[in-house]
Amino acid sequence: MEDKIIEYAMRWESIMKVHANGFTIRDMKTRWGSCSIHSKKIRMNLQLAVKSEECVEYVLVHELCHLLEPSHNQRFYDLMSHFLPDWRERKQKLNEKV
């Protein structure tokens, strides 16, 4: 999974014109990912390993969008729709039980 995250990160950082200072994978109970705005570090949930690649990509783009807009406000969702127009479908698929 780590290789796939790095592959997506390189691609999406270039597209979005942002840069994260690091990625870590850890087992999280309540989140698929998180972004520390100040350190620009992104954490991805280990449980994404059992999800589809499109779900992993969705979480990564979501967290990278936080580097552009920290809040879940209209600007954030506009950015998500701009970069990943099918994000709603991916989010729904992500939250389905395996």
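Count residues from 1 along the sequence.
- Heavy-atom contacts from other residues, nucleotides or ligands closer than 6.0 Å to CD of Glu89 number more than 12.
- Shortest non-hydrogen contact noted between Leu60 and Ala9 is CD2-N, 3.3 Å.
- Across every non-hydrogen atom of Ala20 and Leu64, the tightest pair is CB-CD2, 4.3 Å.
- Looking at Glu63 and Arg43, no side-chain N of the basic residue comes within less than 4.0 Å of a carboxylate O on the acidic one, giving no salt bridge.
- When all heavy atoms of Val56 and Leu48 are compared, the closest pair comes out as CG2-O, 3.8 Å.
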**Request:** List the steps, then state whether side-chain contact (heavy atoms from CB on, under 4.5 Å) holds for Leu68 with Met16.
**Result:** CA-CA 9 Å; Leu68 298 169; Met16 298 171 73; 4.3 Å; yes
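- Among all heavy-atom pairs drawn from Ile5 and Phe23, the shortest one is CG2-CD2, 4.1 Å.
- One finds the CE atom of Met44 at 10.0 Å from the OG atom of Ser34 (value rounded to the nearest 0.5 Å).
- Interatomic distance, CD1 of Ile42 versus NE2 of His66, reported as 9.0 Å (0.5 Å rounding).
- Here Lys17 contributes atom NZ and Trp12 contributes atom CH2; the two are 12.0 Å apart, rounded to the nearest 0.5 Å.
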**Request:** Apply side-chain contact (heavy atoms from CB on, under 4.5 Å) to the pair Cys35 and Leu67, showing each step before the final yes or no.
**Result:** CA-CA 8 Å; Cys35 178; Leu67 296 176; 3.6 Å; yes
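- One distance of note links CD of Glu69 with CD of Gln74; it measures 10.5 Å at 0.5 Å rounding.
- The ring pair (Phe, Tyr, Trp, His ring centres under 6.0 Å) test applied to His19 returns no partner, not counting sequence neighbours.
- A heavy-atom distance below 4.5 Å is found between the side chains of Cys65 and Phe83.
- In this structure, the separation between CE on Met28 and CD on Gln47 is 9.0 Å, given to the nearest 0.5 Å.
- Among Lys91, His72, Arg90, the one residue that satisfies the side chain to side chain donor-acceptor pair (under 3.5 Å) test with His62 is His72.
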**Request:** List the steps, then state whether side-chain contact (heavy atoms from CB on, under 4.5 Å) holds for Lys93 with Tyr58.
**Result:** CA-CA 10 Å; Lys93 186 173 183 179; Tyr58 158 74; over 6 Å; no
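- Judged purely by atom type and a 3.5 angstrom limit, Asn21 has no side-chain atom pairing as donor or acceptor with the backbone of Lys41.
- Partners of Glu2 according to the side-chain contact (heavy atoms from CB on, under 4.5 Å) rule, which considers only residues two or more places apart in sequence or in another chain, are Ile6, Ile25.
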**Message:** Could you walk me through whether Trp87 and Val61 satisfy the side-chain contact (heavy atoms from CB on, under 4.5 Å) test, starting with their C-alpha distance in whole Å, then the side-chain angles of each, then the deciding distance to 0.1 Å, before giving a yes or no?
**Reply:** CA-CA 9 Å; Trp87 71 267; Val61 171; over 6 Å; no
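- Interatomic distance, CG of Asn73 versus CG of Leu79, reported as 8.5 Å (0.5 Å rounding).
- Within the 3.5 Å criterion, the main-chain N or O of Leu94 finds a donor-acceptor partner in the side chain of Lys51.
- One hydrophobic cluster, built from ILVMFWY side chains closer than 4.5 Å, holds both Phe76 and Ile15.
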